[in-house]
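Note that ligands are numbered from 1 as they come in the structure, with each ligand's atoms numbered from 1 the same way. Just so you know, residue 1 is the first one in the sequence shown, and it goes up from there.
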Amino acid sequence: MTKQPESESDRVIIFDTTLRDGEQSPGATLNADEKLTIARQLARLGVDVIEAGFPYSSRGDFDAVQQIAGKVGTPSGPIICGLARASEKDIKAAAEALKPAAKHRIHTFIATSDIHLEYKLKKSRKEVLQIAGEMVAYAKSFCDDIEFSPEDAGRSDPEFLYAVLERAIANGATTVNIPDTVGYTMPAEFGAIIKGIKENVPNIDRAVISVHGHDDLGVAVANFLESVKHGARQFECTINGIGERAGNASLEELVMALHVRRQYFNPFLGRSVDSTAPLTRVDTRQIYKTSRLVSSLTGMIVQPNKAIVGANAFAHESGIHQDGILKNKLTYEIMDAQSIGLTDNLIVLGKLSGRNAFRTRLVEIGIELSENDLNKAFLRFKDVADKKKEITDRDLEAIVNDEIKQAPEIFTLQRVQVSCGDPAQPTATVTIGMPGGEEATDAAIGTGPVDAIYKAINRVVDVPNELIEFSVQSVTAGIDALGEVTIRLKYNDRTYSGYAANTDIIVASAQAYINALNRLYAAQTKMEEAAASMKQPV
Ligand code: KIV
Ligand code: ZN
């Protein structure tokens with residue numbers, strides 16, 4: 001007989017940290033509105049916990065966490081979590097930012113490895129043990145749901161780790177998270193760490209064991225899947241695996257591994273082998289859309305061969321494979337593309353489709369927009385439909401991502417014109433709307449049309465930067481496909497991304513550059529204002 005899940009203990013809690021650890025990827029900086037857009041999609045995806053940010057780290061992050069707590073942290077929505085170092089100021093800021101959420105969690109951490117104690121914290125084990133206990137208790141004075149992480153647990157002395165975890169649980173931690181901060185641990189070792197914790201921390205039954213890991217050696221997901229066999233019940237992960245350095249464990253890989261190999265994992269969660277009950281609460285059909293949204297808003301492109309969400313993940317190129325698939329899909333496919341929401345939906349809308357059909361289709365594919373965003377997106381849709389006969393779901397997603405992305409509009413692209421060919425010197429003329437409302441026009445020649453455009457824009461917009469990445473991808477096949485351009489700029493060691501979609505890739509290139517410049521300009525202005533206000537006498 002199939003056993004249905006009866007309690008939280010026979011499924012895995014999905015804790016999404018795209019908006020906190022994921023946002024720590026170089027260049028993935030998101031503004032508060034973009035974070036809110038992603039948080040709403042994470043709620044549709046069905047994650048249990050959203051780690052929305054690190055409120056004490058900046059005013060911007062505090063505001064973003066507060067907005068998400070108020071708008072996404074509804075009684076039926078996910079738990080909203082905020083990160084705090086083990087310090088009163090951090091914890092207080094997190095508690096304050098999280099207040100509007102119906103269900104909230106404070107996640108506090110302190111390092112426990114000797115190398116971190118000696119060089120980073122300059123503290124003894126005794127001091128760290130005491131701080132961990134005191135700060136968990138302090139966090140508990142604000143809310144019941146407390147998560148504690150011993151940072152760099154993977155390289156910590158197990159006996160000390162057990163003592164710190166025991167103290168944290170005794171003082172109120174309801175989840176203890178075990179991070180492989182530097183992505184050093186191998187799967188069998190990570191499994192043994194979890195097993196050791198289960199066996200040696202006397203009060204471990206009073207807390208959920210969570211795992212967190214980075215992908216420096218490419219085994220973060222494997223580590224988590226091993227840990228679940230030994231009692232881990234919460235996975236901390238990010239969409240597309242974005243995060244510090246090589247990234248975090250990828251949500252889509254973990255969820256689909258548990259989904260596709262349910263029979264393998266069932267017994268470790270106390271279920272019968274053949275239980276068909278899902279092992280997570282995630283709606284897998286929302287995975288692809290979430291991946292695309294995160295990629296376009298962060299400017300972090302998904303590699304084509306990435307498991308689950310890469311462009312080639314469901315493509316069969318070799319003749320032998322294609323032949324097998326035609327005879328029976330199961331010959332080479334272990335999961336159905338539709339299970340992650342990748343539909344072959346043919347033509348959905350066209351030039352004659354009205355606003356209502358547009359809205360209805362968006363809702364059908366899970367995109368809900370405010371009236372204002374819907375109007376903006378509909379105008380773009382009409383514009384694209386004039387040039388492209390068949391508008392697919394993937395086009396709709398690109399249009400919406402492009403139209404509702406929240407880059408500040410400081411400089412606006414009014415006109416762009418290029419002439420190029422062979423033989424010809426690529427020349428571009430641009431007209432830019434300036435912050436004061438006036439327009440400025442200039443022209444430049446370059447090594448190619450995009451280079452000429454960027455040089456022309458640079459003559460008008462005086463924002464120093466270094467272009468470090470430029471990429472064009474086609475949304476669907478076909479000569480009239482929408483092209484998506486993603487670029488990344490660097491200035492003062494910070495990276496800023498820009499994204500745009502258009503049937504004309506030259507226009508998309510210009511627009512993406514303007515978007516990135518706007519972000520850079522807005523961030524610099526904010527930093528200068530903050531620096532100036534610190535100099536003012538109080
Ligand atoms: O990688 C890490 O150790 C972290 C902690 C804050 C959980 O991100
Ligand atoms: Zn981390």
Proximal atoms of ligand 1 relative to E151 (non-hydrogen, under 4.0 Å): 3 (O)

Report the part of H214 (side chain from C-beta onward, or backbone N, CA, C, O) that has a heavy atom under 4.0 Å from ligand 1; answer both or neither where that applies. side chain

Measuring from the Zn ion (ligand 2), name the closest N, O or S atom belonging to D21. OD2

shortest atom 3 (O) of ligand 1-to-protein heavy-atom contact is with T181 OG1, 2.6 Å

Could you say whether the N/O atoms of N177 and ligand 1 ever approach to under 3.5 Å? no

Look at K306 together with E252 and state whether they make a salt bridge at an N to O cut-off of under 4.0 Å. yes

Under 6.0 Å from the ring centre and within 45 degrees of the ring axis: does the NZ or CZ of R125 meet both conditions for the six-membered ring of F160? yes

Relative to the ring of F235, is the ring of F224 parallel (under 30°), tilted (30 to 60°) or perpendicular (over 60°)? tilted

Give a yes or no on whether a salt bridge exists between K103 and D145, defined as a side-chain N under 4.0 angstrom from a carboxylate O. no

Evaluate the ring planes of F142 and Y138, with Trp represented by its six-membered ring, and classify them as parallel (under 30°), tilted (30 to 60°) or perpendicular (over 60°). perpendicular

Any heavy atom of R20 sitting closer than 4.0 Å to ligand 1? yes

Listed by chain and number, what are the ring-ring contact (aromatic ring centres under 6.0 Å, His included) partners of Y513, not counting sequence neighbours? Y454

Please check whether H212 reaches ligand 1 - meaning an N/O of the residue sits under 3.5 Å from an N/O of the ligand, judged on distance alone. yes

Between H107 and ligand 1, does any nitrogen or oxygen pair lie at a separation below 3.5 Å? no

Looking at ligand 1, does any of its N/O atoms fall within less than 3.5 Å of an N/O of D21? yes

